[in-house]
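Okay, structure first, notes after.
A quick note: this is a predicted structure, and the numbers were derived from the prediction, not measured. In each ligand, atom 1 is the first atom listed, and ligand 1 is the first ligand listed. FYI, the numbering just counts along the sequence from 1.
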Amino acid sequence: MNYSEKVMDHFMNPRNVGEIEDASGVGTVGNAKCGDIMKVYLKIEDGIVIDAKFKTFGCGAAVATSSMATEMIKGKTIQDSLKITNKAVMEALDGLPPVKVHCSCLAEEALHAALWDYAKKNNIVIEGLKEPVDDISEHENIAQED
Ligand code: FES
């Protein structure tokens, strides 16, 4: 299996590993099929994601995609952060092997879960954000490429 240099870099030197103590939103998502779990913390101020961190019990591709996804979301408005799809993250990493595409969905869903948590805590509705699932393996179709 071939991984791009960017995937290897984000796997070997993951950015934003850890937690944010006073996070504005926290999201946890798992994939029961592979047993991997992802937790994302977001700090949001004035509608902007000013910090993002993650912790994962996941494979190398899950580490690399959450490292990249948390880098990409920092500085974004809430609406723009919804554009950070697993595809956008994979593109930024120069691609993932097809059998690892589902790992990038774990990162996307965990980001969404953290945004959902933020919205719930603040009694707001984030347009276009769907209620996240706890286990993405039940929604494997979102892991398929077009
Ligand atoms: Fe489970 Fe990659 S194999 S997230």
* Looking from atom 2 (Fe) of ligand 1, what is the angle between SG on Cys103 and SG on Cys59, to the nearest 10°? -> 100°
* Measure from the side-chain N and O atoms of Asp36 to the backbone N and O of Cys59, and report whether any donor-acceptor pair falls under 3.5 Å. => yes
* Does Ala88 offer a backbone N or O that forms a donor-acceptor pair with the side chain of Glu108 under 3.5 Å? -> no
* Got an N, O or S from His102 under 2.8 Å of atom 2 (Fe) of ligand 1? -> no
* **Any donor-acceptor pair under 3.5 Å from Ser4 side chain to Leu93 backbone** => yes
* Test item: Asp135 side-chain N/O and Ser137 main-chain N/O as donor-acceptor pair under 3.5 Å -> yes
* At what distance is the nearest protein heavy atom to atom 4 (S) of ligand 1, and which residue and atom is it? -> Asp36 OD2, 3.1 Å
* To do: Answer yes or no: is there an ion pair linking Lys6 with Asp9, defined by an N-O contact shorter than 4.0 Å?
  => no
* Asked: Measuring to atom 1 (Fe) of ligand 1, does Cys34 have an N/O/S atom at a distance below 2.8 Å?
  -> yes
* Structure fact -> Note: ligand 1 atoms sitting under 4.0 Å from heavy atoms of Lys100 are 2 (Fe), 3 (S)
